[in-house]
Novice: 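Supplied in structure tokens, the structure appears directly below.
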Amino acid sequence: MYCPICGLKNSFNSKICKSCGKDLKGGRDHLKIARYKQVIAMTLPVVLLIIFIATTKYGYEYFQYLGYTILFIAGFSILFLETRSPSYGQHSRYCPNCEHSNFNEKFCIKCGYNLEDILGYFITTNHDIEMNRNYINIYRKYASESADDMVKLAPETFKLNKIRNLRVSSCKTLFSNKPCLKFEYMDEKCKSPARKHGDKCIVKMNIDKKNEYEINSILCMGIYSEALSPQNV
Ligand SMILES: [Zn+2]
Ligand SMILES: [Zn+2]
């Protein structure tokens, strides 16, 4: 289970997050129900196909009650699970952690990543940026000779309560004038891709021009208001 507050990966059965103490039970229950539903949805067609083949071969009477019974059990278990699982956002999302396209769930069915708190996910050449309600994750990527695609590394998590002066500005170089996302990170460790500039720890990442508007509208939502303010000295 990935913690929705700090992004840390905990083991599937942990009750609380090792880092921040967040109760993980709700998310795990949700994930279990989603997996049960997935198993039923995948096995039901196979069972029905076997019954169909069997009835055409051995005659209808022998198998009809068995078929009805299985249909009833499957139908009722799906209905039962439906009442147990809360309904969340309607649009389906793409999991930044494992790239699984999930089924309108709050948590990724495959890896347990929290999807509800993602405000935006932006792909650039060298890194992907996940803007989350509680943190900003930066996934660095590099080109590999063996893989056709870019290889994505595990993200570096920047907690929102340590981010200051978050803004979109321009990162001018001799050859390009791309917009970039900048912030100061208030932590003893200045972890990459952040870099020390004097006594400040600065994160500076190029973004694509087409994402500039959406990132700016996320910054205007009010969720990041503390992170937008300049550093208090
Ligand atoms: Zn946590
Ligand atoms: Zn996932």
Side-chain angles (χ1 to χ4, degrees), residues 1-42 81 84-124 127-142 144 147-164 166 183 185-192 194 201 203 211 214 218 223-227:
M1 283 303 300
Y2 286 80
C3 173
I5 300 299
C6 69
L8 185 84
K9 184 178 186 176
N10 290 269
S11 72
F12 186 74
N13 287 314
S14 348
K15 289 195 176 77
I16 55 165
C17 171
K18 279 185 284 189
S19 166
C20 71
K22 158 91 181 163
D23 187 354
L24 299 173
K25 193 179 172 296
R28 190 174 55 244
D29 290 349
H30 184 85
L31 209 64
K32 278 186 188 161
I33 290 170
R35 282 181 179 161
Y36 291 147
K37 277 200 279 190
Q38 206 183 15
V39 168
I40 293 172
M42 280 159 72
L81 292 172
R84 295 278 310 273
S85 69
S87 58
Y88 292 101
Q90 288 304 301
H91 55 285
S92 81
R93 292 192 186 121
Y94 171 82
C95 174
N97 188 52
C98 70
E99 311 200 337
H100 177 69
S101 53
N102 59 92
F103 305 90
N104 301 334
E105 299 291 349
K106 189 186 178 189
F107 284 82
C108 171
I109 292 174
K110 203 170 155 198
C111 73
Y113 196 73
N114 175 288
L115 303 171
E116 198 192 28
D117 291 338
I118 298 175
L119 304 170
Y121 187 66
F122 306 98
I123 296 167
T124 73
H127 47 250
D128 295 352
I129 303 167
E130 175 195 339
M131 299 185 77
N132 191 291
R133 207 171 274 275
N134 303 299
Y135 49 81
I136 293 178
N137 261 353
I138 298 168
Y139 299 76
R140 273 181 297 159
K141 299 190 289 189
Y142 65 93
S144 150
D148 290 339
D149 242 343
M150 296 289 278
V151 177
K152 196 161 97 175
L153 300 172
E156 208 59 73
T157 302
F158 295 90
K159 289 181 192 170
L160 221 55
N161 57 6
K162 292 183 177 177
I163 291 176
R164 288 293 178 279
L166 175 66
F183 60 83
Y185 198 58
M186 321 299 286
D187 198 47
E188 306 89 67
K189 274 188 287 177
C190 191
K191 56 189 177 185
S192 177
C201 178
V203 177
N211 294 326
E214 203 184 332
I218 290 173
I223 294 161
Y224 285 174
S225 54
E226 197 194 351

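The first residue in the sequence is number 1, and the count goes up from there. Both ligands and their constituent atoms are indexed starting at 1 by order of listing.
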Novice: In a check of side chain to side chain contact (heavy atoms under 4.5 Å, CB included) between Lys141 and each of Leu153, Ile123, Val151, which one passes?
Specialist: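 Going through the options one by one, the only one that passes is Ile123.
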
Novice: Any side-chain to backbone donor/acceptor pair from Ser14 onto Cys17? Under 3.5 Å, distance only.
Specialist: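 No, the answer is negative, given that no donor and acceptor are paired below the 3.5 Å cut-off.
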
Novice: For the atom pair CD1 (Ile16) and CG (Asp23), what is the distance rounded to the nearest 0.5 Å?
Specialist: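 Rounded to the nearest 0.5 Å, the CD1-CG separation comes out at 8.0 Å.
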
Novice: Which protein N, O or S atoms does the Zn ion (ligand 1) have within a distance shorter than 2.8 Å?
Specialist: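 Metal shell, protein only: Cys3 SG, Cys6 SG, Cys17 SG, Cys20 SG.
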
Novice: Do you know which of Ile129, Asp128, Leu115 makes side chain to side chain contact (heavy atoms under 4.5 Å, CB included) with Pro96?
Specialist: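 When side chain to side chain contact (heavy atoms under 4.5 Å, CB included) is applied between Pro96 and each of Ile129, Asp128, Leu115, only Leu115 qualifies.
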
Novice: Just by modelled atom types, is the Pro4 backbone N or O under 3.5 Å from a matching donor or acceptor in the Asn134 side chain?
Specialist: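 Judged by distance alone, yes, a pair lies under 3.5 Å.
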
Novice: What protein N, O or S atoms come within a distance below 2.8 Å of the Zn ion (ligand 2), ordered by chain and number?
Specialist: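 For the Zn ion (ligand 2), the protein N, O and S atoms that sit under 2.8 Å away are Cys95 SG, Cys98 SG, Cys108 SG, Cys111 SG.
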
Novice: Using only atom types and a distance under 3.5 Å, with no angle test, would you say the side chain of Asn10 pairs donor to acceptor with the backbone of Leu8?
Specialist: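 Looks like yes, one N/O pair under 3.5 Å.
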
Novice: Under 2.5 Å between the SG atoms: is that true for Cys108 and Cys95?
Specialist: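 Looking at Cys95 and Cys108, their sulfur gamma atoms do not lie closer than 2.5 Å, so the answer is no.
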
Novice: Any donor-acceptor pair under 3.5 Å linking the side chain of Tyr185 with the backbone of Lys159?
Specialist: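 The answer is yes, because a donor-acceptor pair under 3.5 Å joins these two groups.
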
Novice: Identify whether NZ of Lys or CZ of Arg in Lys191 sits under 6.0 Å from the centre of the six-membered ring of Phe158 and within 45° of that ring's axis.
Specialist: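 Yes, a cation-pi geometry.
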
